[in-house]
Amino acid sequence: MTATLDRRRLLTLFGGTVALAATGPALAQPIFSDDPFSLGVASGEPTADGFVIWTRLAPRPLEFGSGMPMSPIGVDWQVATDDGFRNIVARGTEVARPELGHSLHVEVSGLQPATPYWYRFNAGRERSAFGRAKTTPRAGAPTARVRLAAAGCQHYEQGLYTAYRHLSREEDLDFVFHYGDYIYEGRASGVYRSREGGVTGNPRRYVGDECYSLDDYRRRYAQTTSDLDLQNARQAAPWFASFDDHEVDNNWAADVEQDDAPADAFRLRRAMAFQAWWENMPVRRSMLPAAGAISAYRRARYGDLLDAHVLDTRQYRTDQPCGDGFRTTCPARTAAEAQMLGSEQERWLDASLRQRGARWALLAQQVMVTALDRRREQDGDGTLFNLDSWAGYEAPRQRLLERAARHGSTVILTGDEHQNYANEATLPNGRVAAAEFVATSISSGGDGREQRAGTPAFLARNPQCKFNNDRRGYILCDITPERWRTDFRVVDRVSTPGGEVSTRTSFAVAPGRPALQAA
Ligand code: FE
Ligand code: CA
């Protein structure tokens with residue numbers, strides 16, 4: 001009786017988008033009139049015996065409720081050793097719940113280490129596309145090679161996701177690190193205004209005003225993830241997703257946002273932004289926001305070759321010093337009590353780096369560590385810092401660099417800047433502590449160009465910076481016991497379809513010698 005009533009009610013409320021067949025008391029068996037897998041599939045958080053597989057049912061992604069009935073829906077999943085699904089090694093049914101935006105985060109386990117797998121979902125009569133995941137080697141196991149890509153800063157309006165299309169075709173990726181800015185929270189705009197004052201028309205447009213409610217953020221993720229180039233990149237390899245500022249609000253810091261909203265009000269907004277992030281990322285159940293916070297820093301181990309640390313540089317930091325932005329220094333920039341990671345995350349990172357579980361340590365994180373002088377003109381008094389980056393947090397920055405130097409084979413991957421940089425992060429005594437590769441953006445900032453104005457003066461002021469470029473793209477790292485190679489992959493345009501990818505330049509690092517070498 002209940003099922004019949006439910007069915008009639010759904011047909012009325014959703015205009016026939018989804019009908020429920022009365023097949024059982026517990027779970028609805030939907031009949032969809034639009035593809036419920038319009039947001040594709042993804043995998044993430046690989047370990048030696050499994051990974052998370054993700055999808056989110058959204059037959060009408062831009063609508064309130066994404067075209068779904070407010071009922072739990074059973075979804076079948078399969079994992080196979082081949083992309084034809086002839087040899088299925090794991091399968092099951094999991095519930096997509098309305099509380100969590102009908103997202104699914106299946107934690108697959110019991111698989112073989114260092115092995116590629118393929119996965120897909122079924123809901124009602126509909127089948128998803130399939131994705132490729134890959135388990136890690138067992139911790140400590142001899143490992144000859146790891147290949148990864150780093151990408152992020154994907155303002156949907158400012159450029160097409162052509163770089164993701166190329167990323168999805170890279171050979172045999174072990175994982176993708178996403179450094180954040182998956183969405184941008186601001187109101188829809190037809191134009192992009194650069195820091196230098198340039199104005200260009202955007203090739204696409206967000207739906208809606210600035211995001212505040214859970215449904216605002218959900219819609220922004222749905223619009224973003226509807227992009228097929230992005231879906232291809234999410235289907236090509238497991239991701240380690242992280243968030244930076246724009247998943248919530250520009251340059252937020254712990255409980256502080258930049259428009260001076262009261263901390264208690266901002267925490268409520270942040271909790272909704274975090275929930276939408278969690279629903280849309282292939283992350284573990286243990287990362288589900290609790291009491292408005294996410295436990296997001298974590299480590300992945302790739303045999304004896306690589307310990308990858310995904311850091312959280314937003315949730316535990318003190319407020320940006322000196323009024324934030326690009327400014328000259330003030331006493332707060334060097335305050336001893338300033339925090340970037342917070343003491344608990346710092347202790348965790350310190351213990352992992354001392355443990356030396358693998359040859360290379362990766363710090364996969366959001367904002368630039370190397371404290372560069374951002375002046376691009378010849379004149380002007382005083383060093384100009386990006387105070388939202390680690391340069392605004394000198395005491396924790398020094399602690400991080402000392403730990404990296406002690407380890408000796410630490411590489412930092414960073415985003416946020418919307419430019420490519422290759423840096424030698426250097427201690428005050430001149431010793432190089434770590435190589436830092438800053439990936440540009442997938443689309444934020446539009447087409448870009450070879451170099452921004454004033455680059456020669458900028459490079460002359462910053463001997464730690466060996467490369468600076470203003471194209472869109474991503475970073476590719478090929479890691480062996482003998483060397484870490486980084487390719488800066490750039491696309492020639494994102495304003496129109498068909499942009500071509502090329503390797504703009506490459507660097508290498510030898511273990512124990514973090515200075516950059518030509519590759
Ligand atoms: Fe960004
Ligand atoms: Ca950012």
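As the structure lists them, so they are numbered: ligands from 1, and atoms in each ligand from 1. Computed from a prediction, not measured in an experiment: that's the story for all the values here.
Residue contacts to the Ca ion (ligand 2): D244 brings an N, O or S atom closer than 3.0 Å.
In this structure, D255 pairs ionically with R267, as a charged nitrogen and a carboxylate oxygen lie closer than 4.0 Å. Ionic pairing of K134 and D174 is present here: one or more N-O contacts between side-chain nitrogen and carboxylate oxygen are shorter than 4.0 angstrom. Remark: D350 engages R406 in a salt bridge, criterion side-chain N to carboxylate O under 4.0 Å.
Neither side chain, N420 nor T440, offers a donor N or O lying under 3.5 Å from an acceptor on the other.
Checked against the Ca ion (ligand 2), the N, O or S atom of D245 at the shortest distance is OD1. The atom of D416 nearest to the Ca ion (ligand 2) is OD1, with the search restricted to N, O or S atoms. For D181, the N, O or S atom with the smallest separation from the Ca ion (ligand 2) is OD2.
Proximity of a side-chain donor or acceptor of Y297 to a complementary backbone N or O of E346 within less than 3.5 Å is not detected. The backbone N or O of R284 lies less than 3.5 Å from no partner atom in the side chain of S286, so there is not a single donor-acceptor pair.
A cation-pi contact, defined as under 6.0 Å to the ring centre and within 45° of the axis, is absent between R314 and F243.
Taking 2.8 Å as the limit, the number of protein N, O or S atoms around the Fe ion (ligand 1) is 4.
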Could you walk me through whether V176 and Y474 pass the side-chain contact (heavy atoms from CB on, under 4.5 Å) test, one step at a time?
CA-CA 10 Å; V176 173; Y474 54 92; over 6 Å; no

